[in-house]
Amino acid sequence: MSTTAPGLGHALDLSSTRPTPFLRLVRVELRKSYDTRAGFWLLAVIGFLVLLTEGIVLAVVVTQDQAMTYGDFVAAAAFVTSILLPVLGIMLVTAEWGQRTAMVTFALEPRRPLVFLAKATVGIILTFATIAMALVVGLVCNLLYGALQGPADWEFGWAGFVGFLITQTFAMLGGFALATLFLNTAAAIVVFFVYRWVLPGLIALGAALMAWFDSLAPWIDFQSAQGPLYGMSLDGGEWGHLIVSGIIWLVLPLAIGIWRVLRAEVK
Amino acid sequence: MIQVEGLTRKYGTFTAVDNVSFVCQPGRVTGFLGPNGAGKTTTMRVMVGLTPPTSGRVTIGGHLYQDIPNPGRHVGVLLDASAQHAGRTGREILELGARTMGLPSSRIDEMLDLVSLSPAESKRRLRNYSLGMKQRLGIAHALLGDPSVLILDEPANGLDPAGIRWMRGLLKGYAERGGTVLLSSHLLHEVEIIADEMILIGHGRIVAQGDKKSLLAGAVGSGSTFVTALDNRQLSDALAAKGFVVASAGDGLRVETDPVEVGRTAAEHSIVLTDLRAADGGLEDLFLELTSDTQREVVA
Amino acid sequence: MSATAVPGLGHALDLSSTSPTPFSRLARVELRKTWDTRAGLWLLISTAVLTAAVMVIQLSVVVAQDLNVSYNDFLTSTNFSMALLLPVLGILLLTSEWSQRTAMVTFSLEPRRPLIIAAKFVVGIGLAVAAVVIALVLATICNALYGLLSGDEVVWDLGLANVGGFVLLQVIGMLTGFAFAALLLNSPAAIVLYMVYSFVLPGLFGLGAALIGWFDTIRPWIDFNYAQGPLVDATMTGEDWAHFAVSGFVWLVVPLAIGVARVLRAEVK
Ligand SMILES: Nc1ncnc2c1ncn2[C@@H]1O[C@H](COP(=O)(O)OP(=O)(O)OP(=O)(O)O)[C@@H](O)[C@H]1O
Ligand SMILES: [Mg+2]
């Protein structure tokens, strides 16, 4: 600034500033996920629940004298984290609206889709971190199980593991997509829990009652479509179900939501 | 009347308000001044029971705030104009206040009119209000119950010049009718015009209090005079001959004595003066001097 | 503020002519707050629309598939939408004051904080009862339509115990949400806790009971959802009521008590 003479019609010199690199956005978004009390506690509760679940499972199987594999320990933790990972996905998006920080975020990075991409990346990173923790805690529990209860069984299906990785990520992204659609924490959480816990029952009921619905159900039921992922043995039809229902529950809300955010007046 | 007695509020080891005592008299406007983070808002929040004090107490008209029935009818409070539901319309916010206090709806129109918010503006949601409009709505909310005590935290925040002048008249009028007004502000010029009493606070402690005249009398620069004459050299010589310390300042001179002495000297020598005034630096200098060790910026 | 009042030191406020804000007024204001924002209004509308939608779907399915249903079947299916959204209403009633910081204004206009909470509590119960009334009306219409459309015999099998149980069920759902909200004072946390409590926990308790013998015996005393089961089909026995009271104490009274104690002490920011 000091060497150039200011004047009317004088343009900003942009040659020496580079656009904000994506990696930096991801790092900042990652930081935002834990630097508030709410965010910190959410992550802490997820971590704590992994510990608690595998601990309880260990206590139960030891006292009840039941057989257990390494995979079972991890699966128990996965069940519990799949409840809260979507909430994490939701909070990543809506915290920005509830607290009106979107004003600042979009002023510093006007390429709004990049911000969303960075947030989704953070969600995936945290999902993987949760899985890693479940694996480590499971390892310790299985060792303890071996010490307390006889030989530890290190049976762990790799196909199952990949399926588990994908379904956990889908769960998180499901919350993320609904949050982008609603931009409201309460609405996104309620709809997500209905989608995750109530809808499968309703779809099953409908399918049992009506023949036409029975043939339609696999195409709209994203939950059941993910089932074959655990065996990693999807046939053509199952891929079709997965993709169509995935478009309905992940891609569509995400697309509508981002389209809305791009046009939204940020207040 | 507001009476603050030995008020202390600690957050962990940090003392936000430290043994503060003062009185706000009815019929007077009391200005509450201090640098950012000095503890003004905290003190006001304790007054209305939103923050529990660590020790000490505040009474309003002889009562604890909690013991005043329907307090909105007695004490008007404006702490943070944006602490309202962003999804409510301005009118609805006043409606809720009026209903809680048991006031007729006509009161809402009166207040909207008083703070110059048009009917169309009152139907917008708070999210879409400008800074000054939010502030006007907050003032309207504080005045809704026609209270005799007003506690206002930076009421001029965001107001336009006409709004500031209007508010000055409004608060003066309130005090003249016997009301008690406590306001905090950083607009020292405003406070200087409007406040009868001043309380200066820094790092949670009171550094000075009293009426404006006595505070300013003790300030730096009192006893000095700025003077400008058609012939500055002649005046300067005449003053120096009387033994006064003279220095040049801007277009004129600064003399270390009262204006009356300078005027007398000029008259004796038939020197034409174009400007003569006391060189007190006003409230700003006083403020900066008294709070110098609690300021964030180092004042030259 | 009278112009004749003499200002001076020791001048006290004259409180003789102001009466404390009556409770009914506080309750009316709190009721107004539930629908005067777009979010609140939409929640109420969604609850009604979803309830109606559930009934219409049920009606069209049973008519198309020629199934036999009774009045009570229509009523219990509304439980789906109401048990889902009434608690959210109860939660937002309390937490929105914190997230939107309106508690500052609310508590400065009425410093007797327990009264504000009581007013919200009453509004919550009132809305739950109103929702049940709407559900009864809708179920009546649907059952009559069912008779017309299917030609089957219409069964009006609704006893006082059913209605009473249903009302109690909805009120408790709402209050559980309210209690969680008081405990956490944060909308997302309270909603997640409620959803986990009502959708996930019953399954876990069931699993625990199946695996562990001693857990099976204590489950009725700590599983509030389970204890409410007999309410739906109006078969509460003395022991059921004891389970209901004990588990209700754990899930309703304890969080509410801790939460209220916290609100009363809190610095409102
Ligand atoms: N809950 C809290 N925890 C810790 N510190 C707090 C808390 N509330 C207030 N403080 C601190 O107390 C001090 C006084 O704050 P206060 O809001 O009263 O300042 P102020 O005089 O109103 O400042 P300003 O002129 O900027 O409005 C600040 O340092 C603030 O950070
Ligand atoms: Mg302040």
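Letters go in sequence order (proteins before strands), and every chain restarts at 1.
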Measure distances from [X] to the heavy atoms of chain C and classify the residue's part below 4.5 Å as side chain, backbone, both or neither.
X	result
Q3(B)	neither
P52(B)	side chain
I60(B)	both

Most heavy-atom pairs under 4.5 angstrom with chain C, which of [options]?
options	value
N70(B), L50(B), L96(B)	L50(B)
G87(B), A86(B), A83(B)	A83(B)
H63(B), E95(B), R28(B)	H63(B)
S82(B), G145(B), G102(B)	G102(B)
R73(B), H141(B), R125(B)	R125(B)
G49(B), G72(B), G97(B), P69(B)	P69(B)

Kindly compute the distance separating OG1 (T176(C)) from CD (Q228(C)), expressed to the nearest 0.5 Å. 6.5 Å
What distance separates D80(B) CG from Q135(B) CD, expressed to the nearest 0.5 Å? 8.5 Å
Output the option from L15(C), V29(C), V105(C) having the highest count of non-hydrogen pairs under 4.5 Å with chain B. L15(C)
Based on non-hydrogen pairs under 4.5 Å, which of E30(C), R113(C), R28(C) is most in contact with chain B? R113(C)
Return yes if some donor-acceptor pair links the side-chain N/O of [X] with the main-chain N/O of [Y] below 3.5 Å, else return no.
X	Y	result
E97(C)	A103(C)	yes
T95(C)	N186(C)	no
N19(B)	T8(B)	no
W251(C)	I222(C)	yes

Please classify the contact between [X] and chain B as side chain, backbone, both or neither, with a heavy-atom cut-off of under 4.5 Å.
X	answer
S19(C)	backbone
R265(C)	backbone
L109(C)	both

Assess whether atom CZ of R32(C) is packed by more than 12 heavy atoms of other residues, nucleotides or ligands within 6.0 Å. yes
Taking NZ, NE, NH1 and NH2 as the nitrogens, is one of them in D36(C) or R88(B) under 4.0 Å from a carboxylate oxygen of the other? yes
For E267(C) and Y11(B): C-alpha separation, side-chain torsions, deciding distance, then whether side-chain hydrogen bond (donor to acceptor under 3.5 Å, both in side chains) applies. CA-CA 11 Å; E267(C) 183 183 25; Y11(B) 293 105; 2.5 Å; yes
